[in-house]
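The structure under discussion appears below in the form of structure tokens.
By convention in this document, chain letters (A, B, ...) are assigned in the order of the sequence lines, proteins followed by strands, and residues within each chain are numbered from 1. The structure presented is a predicted model; accordingly, all values stated were derived computationally and were not measured.
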Protein chains: 2
Amino acid sequence: MGDDLASAAVPAHTSVARGSRNDNTRRHNLSSLLTAVHYGGPLTRAQLTRDTGLNRSTIGGLVTELAQLGLVVEDAAAETGAVGRPSLIVRPRRDVAALALHPDVDAIELGAVAIDGTVLARRRASVDAPPTPQDAAAFAWEAAREIADELAGLRVVGAAAAVPGLVAVDSATVVDAPHLGWRGVDFRELLAEALTLPVVVGNDANMGLRAEWSFGAARGVDTVVYLNGSASGIGGAALVGGRMLRGGRGYGGEFGHMMIRSDGDRCSCGRFGCLETELNAERLDAAAHDDAALDVLAATLAAAIANLECAFDPDLVLLGGYLGALYDVRRGLVDARVAELAFRPEAEDVAIARTALGGNRLLIGAAERAFAALLQDPAGVPLVAL
Amino acid sequence: MGDDLASAAVPAHTSVARGSRNDNTRRHNLSSLLTAVHYGGPLTRAQLTRDTGLNRSTIGGLVTELAQLGLVVEDAAAETGAVGRPSLIVRPRRDVAALALHPDVDAIELGAVAIDGTVLARRRASVDAPPTPQDAAAFAWEAAREIADELAGLRVVGAAAAVPGLVAVDSATVVDAPHLGWRGVDFRELLAEALTLPVVVGNDANMGLRAEWSFGAARGVDTVVYLNGSASGIGGAALVGGRMLRGGRGYGGEFGHMMIRSDGDRCSCGRFGCLETELNAERLDAAAHDDAALDVLAATLAAAIANLECAFDPDLVLLGGYLGALYDVRRGLVDARVAELAFRPEAEDVAIARTALGGNRLLIGAAERAFAALLQDPAGVPLVAL
DNA sequence: GTTAAAATGTTCCCGCAGAAAACATATACC
DNA sequence: GGTATATGTTTTCTGCGGGAACATTTTAAC
């Protein structure tokens, strides 16, 4: 009740909130239904009626419209054994998809991901040198053609790219991706031209968290801190009250550059004692069979988590990549240190967990980002044959 | 365009979003209008029409309803010199108010704040020892009676308390307010019983930022980090994409306990090198005429700001209390250090500013919190004669 | 001073969205 | 096979905003 108001965005200020009309209502309800079957898997009409609080007749009309838009199908109900007329099952259509691109230092990957989160097809190319934006766009075009041949009849909502680096708030410009060597590139335009599709570009850690939130270890949790250790450093992202932390310019969540040791080593970013320098892949490899060294690294991780906890008070801290691996081998130590350092009353421990999705995480997360527009306005976003 | 989707909360997941009905539309539009005149000051009907995009006739009906609810009044238009029929001016009514309570170590204060942000009346009592919750509630009752006599005809939406300590996400329980010695107190119930009003309880730093956002130095900015130095330590709060950072349990934004020196002193919270220990009021006092010592403290502040920037990427960092004072005397040093440490591309500097509201900040912020329910549903929240 | 133009308020009617009720249908249970 | 139960379907109703026509109030032009 009151809690929602505690964090609620108050509409106006400089700009007055747009007025709402009847068609907003319709859009909102279509969005609620499509979103529900997107995340919740197949749901019966009856469940949708109960969950939304809308009338049976209204649900009927909405589902019909979603079906006419080609977004969902209705199956005969599974035998439930319950009394009463069986309810039709509403499923998102698997031929509705998004393209997801992940250019990285050693490979480029493109996948087609269905609206139910399934990866339908993927193409991967290893590269010797980090790809240029043009390389990435060219690969995307070729891979998309192959996938189009493989999966006939796919209807695509757009494409999204998960880039390891800073992406501006416009979801278009790669401001600085040091490991790729991209700086100030309007990759959205490049990719959109190559694919002739609407494109959004985002930070890879953000998309990783998005995927885990939608279909992985953070399902249903709405306050999450995410830390992912990879060859290109530590990527961070946060979900705050059900919304992705973005920041004013799009650079929020860079927890890899949180200062964790004031007398630490110089980081590639120019500062000292950054988490991603104190706790990097090489140090972890070097400590692989050195118990004491592993303990030190685990303590560093715990200190970082404690710091993030007092800033974000998350319900869940999600660890991926080599940080997840470190957590696996030093779970007791990390948990204990975090509890010891925890600012909160000790009874209320914070959950720490490993990521659940494997190698498809970024593809799924990027696709999620591409689907966002459709989920928000199912009748307003056109689907394109791939 | 795409930016909104980048952070947008996707409705469903475990719980499907409630369906929307026509009366939601009405509620939304009433809310938009009341919110607009609340923050934007008096506005003409014509301006409301333009800003909301709603029809003239609709605005007419909505304003009439708000007037009938006793929330706004319409004045004759000021002479504008423009051609055409003059538009009526819509103002929030000043006799609509909220009570705001601030119990602190050395004093208790209660104020009546009008919906336009004006502090109509206040009562303050100095105390020798920190007040108990019962003391605070008793004072609130007495002060409220006095104010009721002073301001006849006031209609009150409720009361809010700004407490220096951890407040649970239920907006009721003071989990731990170390300086007051309150632990696990349901202060909402206590105060609601004393005042016979709906009550919300919140953290003082959160309410301080809320006030600055509504009427102070953070107006119209929707990504803000707030640091306030006071006798009871450093309070922190953040506004993330137009929403107050709250955290899973309500303990988010405790930036005073961010680790800023790994070999620092032990903090009262049990950890080492917390910002509020490394940069506390005594150290600042002691450094008052010691340039080198001030430089060190300013550098500490800059390091904290840089750390928060890479986590939140705020549009504005707002400094209050002794941190504001320190910033005033070492502005150049802090700005330079922050720019040097900034993770973002150097061209995009982050604004740092002092708080603008004075001693009324917490009263205004708490009142804002109390008004939130009314602003969200103008027709659904009853007003009570004080 | 009268008239025209412009901007806004007001009134009335329309279309759209969801609610509610009546009816139809499909299952389980007896 | 009959009944209770749950759900889908159809029809009717209400509420809300849009839009057009009209009324009102001002400035500007002559």
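Residue contacts for Ser87(B): at a heavy-atom cut-off of 4.0 Å it reaches the sugar-phosphate backbone alone, with no base atom in range. Within the nucleic acid shown, Ile59(A) has no heavy atom closer than 4.0 Å to any nucleic acid atom. Thr80(A) comes within 4.0 angstrom of no nucleic acid atom, judged by non-hydrogen atoms across all strands. Contacts of Arg56(A) with the nucleic acid, taken as non-hydrogen atoms under 4.0 Å apart, include base atoms.
Between Asp170(B) and Arg188(B) no salt bridge is recorded (no basic side-chain N to carboxylate O distance below 4.0 Å). A salt bridge links Arg26(A) with Glu65(A): the distance from a Lys NZ or Arg NE/NH1/NH2 to an Asp or Glu carboxylate oxygen falls below 4.0 Å.
Atom pair Leu88(A):CG and dA24(C):P shows a separation of 19 Å (rounding to whole Å applied).
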Identify each donor-acceptor pair in which a side-chain atom of residues 81-88 of chain A lies under 3.5 Å from a protein atom, sequence neighbours left out, and give them as a table.
residue, atom, partner, partner atom, Å
Ser87(A), OG, Arg45(A), N, 3.3
Ser87(A), OG, Ala46(A), N, 3.0

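Between the side chain of Ser32(A) and the backbone N or O of His28(A), at least one donor-acceptor pair lies under 3.5 Å.
Tested against Pro42(A), the residues Ile89(A), Val90(A), Val73(A) include a single side chain to side chain contact (heavy atoms under 4.5 Å, CB included) partner, Ile89(A).
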N/O to N/O distances under 3.5 Å, protein versus nucleotides 28-30 of chain D:
none

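Heavy-atom nearest nucleotides on DNA chain C were determined for Ser57(B) and for Ala46(B), and the one closer to the 5' end corresponds to Ala46(B).
When the side chain to side chain contact (heavy atoms under 4.5 Å, CB included) test is applied to Arg155(B), the partners found at least two apart in sequence or on another chain are Arg93(B), Asp95(B), Val96(B), Leu383(B).
Close to dG17(D), at under 4.0 Å from its OP1 or OP2, lies a side-chain N or O of Arg26(B).
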